[in-house]
Amino acid sequence: MRQSWQSLKWWVPAGVAIALGGAVWLARSSLADQRALFETDARIVHRLLSQQVVQHDAILATLALLQPDGAGPSGTPPEQRLPALYPQILAVQRRDANQTWPDTALAEAEAASRTARRAALAAPDLHSGRYRMVLAATPTSYALTIDLRGMVPWSEWPMQRESSPVRVSLVHAGSEHVIQPGAPAKAGGSGWRFEFHKVVAAESQPFDVVAVRDVGWSQLPWGRMLAWMLSVAFLLAALRHLQRQRSERRRAEELLRLGQVGRLNTLGELAAGMAHELNQPLTAVLANTQAAQRLLNDEPPAIDTARGAMTQAAEQARRAAEVVGRLRRAVERPDTAGQQQAVDLVEAVRRALYLLEPECKRRGVEPVHEGAQNLMVQADPVALDQIVHNLILNALQALEQVEATKRRLVLTLGVHGGQAELAVADSGPGIAPDVLPRLFEPFFSTRENGLGLGLSLCESLAQGMGGSITAANPPAGGAVFRLRLPLKGVHP
Ligand code: ADP
């Protein structure tokens, strides 16, 4: 299985989902608000129109009740003064006993009214903008001609008559009177439609109040939606920036823990310590050998005393060697015995690659991981991190010597000869044949600023954990370093 060691860009899809989700929510809540407003307005319109038509019933009932009592003081019959009081009433007609209506529609309506015992419509056609209604009574029946335009109480109307997008009409038996034109969508236009249908509350005039509101895509709250999406993008960018800063800090802390920075400082201290500790035995060696030289030059030479001085010089030289050995052990083999535990080698590789991510990027190298996804070894985690880090860093440094397009770094994990193995293979120049036998010597380096301690330290650490490191030039070119460590739970 191959896997590129790249962090998942989870925040891009997450950001898109949050931004889109929020925008959809804004659009939906805006639509819900517009629908609620539409329904409230439509109910008010229905109530107002119902109040108007109920008035007509009341007027007719009053006329029928009073019956004609001749002309009033002004000489006009009282019903003829009604249009002056009610602007929607265009005319009042009456049929006295033994008279006939001027047209059959009124006669038919009167018959219907007599049967229904309420006012009835006379061949209504709402499209014409007016309608007539008759209430049969004895001896005189009355008819009203009502103007639909004059019937609308504009002063109480809940919408702006000209500019409102809501279309309001009265519908009866297929004919329609448009009260307010609104802004209906063009045929085939997409969007949302709110509708309201309710018959006015007067049995004699069963007109359907129909309100329609079309909401197009352009009427969605695009400004707010865009502002929301920009805020999410900004917030995520800020979060991403913070996260990046945090991971940079973590990486630096880890590097410090690994001792890459600390080790260099310690080296300075060690050099000073070494000079201090070696100064004394070396001075003694010098003094003793000079004394022996003088004694041997004497005539006759004081051989016994010179022998004593040389013995002392040899002892001091051994002490100096011990100091050097002790300091070397301190540099190369930190006291890690007893800190061994079960560690996942794959995790160690992952950690090292994470720390070296900037180094890889800088050189345009994309490390490839092959083989086991989990490999438990018995090791000191700090020492293991140190080894893996060194091997990968060496490979990256070797890759600098070849063209950017030819740089490959493959990390293979597996089990060989009963041990866990990590092979770090690079497509660098490989190891020169004369360099190969000296590779793990302390202070051996072919690099200008190299300390030559990395590989010798790695070897000491690996051996300290019961493992080994080998180097080779594979036939395909480049170099491969194999780190082998005991598998967890397997005792040699
Ligand atoms: P330094 O890196 O300080 O030189 P090291 O002990 O890590 O010390 O490496 C010793 C030498 O081994 C390097 O100078 C280099 O010549 C050689 N070497 C290490 N790794 C590689 C590699 N991947 N390819 C080629 N040569 C390498």
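Whatever order the structure lists them in is the order used to number ligands and atoms, beginning at 1. Atoms considered below: every heavy atom in the structure, side chains included; atoms not considered: hydrogens, waters and symmetry mates. Quick caveat: nothing in here was measured; it's all calculated off a predicted structure.
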- [ ] Specify the protein heavy atom at minimum distance from atom 8 (O) of ligand 1: its residue, its atom name, and the distance to 0.1 Å.
- [x] G452 CA, 3.3 Å
Task: Shortest non-hydrogen contact from L278 toward A320 - done: CD2-O, 3.5 Å
- [ ] Kindly check if the number of other-residue, nucleotide or ligand heavy atoms within 6.0 Å of CZ (R28) is above 12?
- [x] no
TODO: Please name all residues satisfying salt bridge (Lys or Arg N to Asp or Glu O under 4.0 Å) with R482, sequence neighbours left out, ordered by chain then number.
DONE: E421
TODO: Name the closest protein heavy atom to atom 18 (N) of ligand 1, giving the residue it belongs to and the distance to 0.1 Å.
DONE: L439 CD1, 4.2 Å
TODO: Identify, by atom number and element, the atoms of ligand 1 in contact range of A398, meaning under 4.0 Å from any of its heavy atoms.
DONE: 22 (C), 23 (N), 24 (N)
Task: Identity and separation of the nearest protein heavy atom to atom 7 (O) of ligand 1 - done: N394 ND2, 3.0 Å
- [ ] Kindly confirm or rule out an N or O of D426 lying under 3.5 angstrom from an N or O of ligand 1.
- [x] yes
- [ ] Find out whether the Lys NZ or Arg CZ of R43 is both under 6.0 angstrom from the six-membered ring centre of F196 and within 45° of the ring's axis.
- [x] no
Task: Nearest protein heavy atom with distance in Å, relative to atom 4 (O) of ligand 1 - done: S445 OG, 2.7 Å
Open item on the list: Among all protein heavy atoms in this structure, tell me which lies nearest to atom 21 (C) of ligand 1, with the distance rounded to 0.1 Å.
Closed with: F481 CE1, 3.7 Å
- [ ] Could you tell me how the ring of W222 sits relative to the ring of W217: parallel (under 30°), tilted (30 to 60°) or perpendicular (over 60°)?
- [x] parallel
TODO: Under 4.0 Å from a heavy atom of A479: give me the atoms of ligand 1 that qualify, with their elements.
DONE: 24 (N)
- [ ] Spell out, as yes or no, whether a donor-acceptor pair under 3.5 Å connects the side chain of S175 to the backbone of D125.
- [x] no
- [ ] Check each of L457, N473, T446, L455 against atom 15 (C) of ligand 1 and report the one with the nearest heavy atom.
- [x] T446
Open item on the list: Any heavy atom of G478 closer to ligand 1 than 4.0 angstrom?
Closed with: no
Open item on the list: Tell me whether M229 at atom CE has more than 12 heavy atoms from other residues, nucleotides or ligands lying less than 6.0 Å away.
Closed with: yes
Task: Residues, nucleotides or ligands: over 12 heavy atoms within 6.0 Å of H127 NE2 - done: no
Open item on the list: Can you name the atoms of ligand 1, numbered from 1 with element, that are less than 4.0 Å from a heavy atom of I431?
Closed with: 25 (C), 26 (N)
Open item on the list: Only heavy atoms of G430, strictly under 4.0 Å: list the atoms of ligand 1 that pass.
Closed with: 25 (C)
Task: Non-hydrogen side-chain atoms of D33 and L37 separated by less than 4.5 Å - done: no
Open item on the list: As an exercise, identify every atom of ligand 1 less than 4.0 angstrom from a heavy atom of F444.
Closed with: 10 (C)
Task: Shortest protein heavy-atom distance from atom 1 (P) of ligand 1, along with the residue and atom involved - done: R447 NH2, 3.5 Å
